[in-house]
Amino acid sequence: FCSIRLSCPAAQFPRLSGGRISFWVFQIICAVYASPSIIRCLFSFGKGKISKEGRAGGGPASAGGTLSPPARPEFLDKGFQGASLRQIVKNAGVTTGAFYGYFSSKEALFASIVEPHAAALMGRFMEAQTTFAELPEAEQPSHMGVESSACVDWMVDYMYQHPEPMKLLIGRAEGTSYEHFVHRMVEVEVEYTEHYIQVLRNLGREVPVLDHQLCHIIASGMFNAVFEVVVHDMPYDQAKQYIRQLREFYMAGWQKLMGE
C-alpha cells in the first residue's frame, strides 16, 4: 500500500492483480484517495487511541456523537476555518476538555462528519471508472457515457439524501484535507479520459490531439457544475433536469472533440 502513489494513480487501479482488485482493497484505496486523513486513523487504530467511532480514549460512544449536530451549523455558516470550537462545545453543552477526550482536533470533528460521504462518492465514482476501463477495448465506444451517466445520477440522489455533509465537503472544507476533493475527482476523470482516447487510437480511430490542460479544464467545469445543484439548494426535480441537460452538453462536446 505504501508504494501506491496517491497523487493520481487512477489508471493504474484496473491493472492491479491481473486487471482486477479485491473488493476490500478497492474500498480502502478509494477511501484513502478521498481523504488522506484516513491514513492517520489506520496507523492509530488498534493502539487504543482511536476507536471505531473515531474518538480517543474510552467513554460512551454517544458522548462523541453529541458534538456532530451542533457542529454542523457552525461549519456550514462559517466554514471549517472560521468555525469556533468554543462555540461548538458551548452549543453541545460540553467542556473543551471533554471535546478533546473524543476528538484530537477541530479537523477530526469535521472529518467525522464528512468522511463517510467523501468515501461513498469517491468509491462509486471509481467503480464507474474501473468498470468502463475493464471492458474489452472494442466494446468501450458503445459504452461511452453509460457508466458515467449512471454514476452521476447516483451521486445527485446521494447528495440530496445528505445535503448538509455534502455542502460541508464541497464548499466549507478549506483548510482541511478535503478542500481538494473535487480536484481529485477531476484528476481521475482526466486520466481515464486520456486512457480512453488511447483506446480509440488503438482501434484505428483518428482522434485529434487533446491537450492535458484542456481535458482538465473541461472535466473541472463539468464536476463543479454537478456539485452546484446542492451548493445552491436547487430543487431536486430541477436538479435532475439540469444534470441531464448538462450531461448531454458535455457528451456532445467530447464526441465532437474525439472526432466521433
Counting only heavy atoms not in Gln161 (residues, nucleotides, ligands), do more than 12 fall under 6.0 Å from its CD?
yes
Heavy-atom count check: over 12 atoms from other residues, nucleotides or ligands less than 6.0 Å from Glu174 CD?
no
Would you call the rings of Phe80 and Phe75 parallel, tilted or perpendicular, where under 30° means parallel and over 60° means perpendicular?
parallel
Which label fits Trp154 and Tyr158: parallel for a plane angle under 30°, tilted from 30 to 60°, or perpendicular past 60°?
parallel
Can Asp233 and Lys167 be counted as an ion pair, charged N to O under 4.0 angstrom?
yes
Please determine whether residues Leu135 and Met251 belong to a single hydrophobic cluster, defined as Ile, Leu, Val, Met, Phe, Trp and Tyr linked transitively by side-chain heavy-atom distances below 4.5 Å.
yes
Taking the six-membered ring for Trp, are the ring centroids of Tyr196 and Tyr192 within less than 6.0 Å of each other?
no
Short side-chain donor-acceptor distance under 3.5 Å, Gln198 and Asn202
yes
Is the number of heavy atoms from other residues, nucleotides or ligands under 6.0 Å of Glu139 CD greater than 12?
yes
Can you name the one residue among Met234, Lys240, Met155 that meets side chain to side chain contact (heavy atoms under 4.5 Å, CB included) with Tyr160?
Met234
Determine whether more than 12 heavy atoms belonging to other residues, nucleotides or ligands lie under 6.0 Å from atom NZ of Lys90.
no
Should Arg244 and Asp153 count as an ion pair when the cut-off is N to O under 4.0 Å?
no
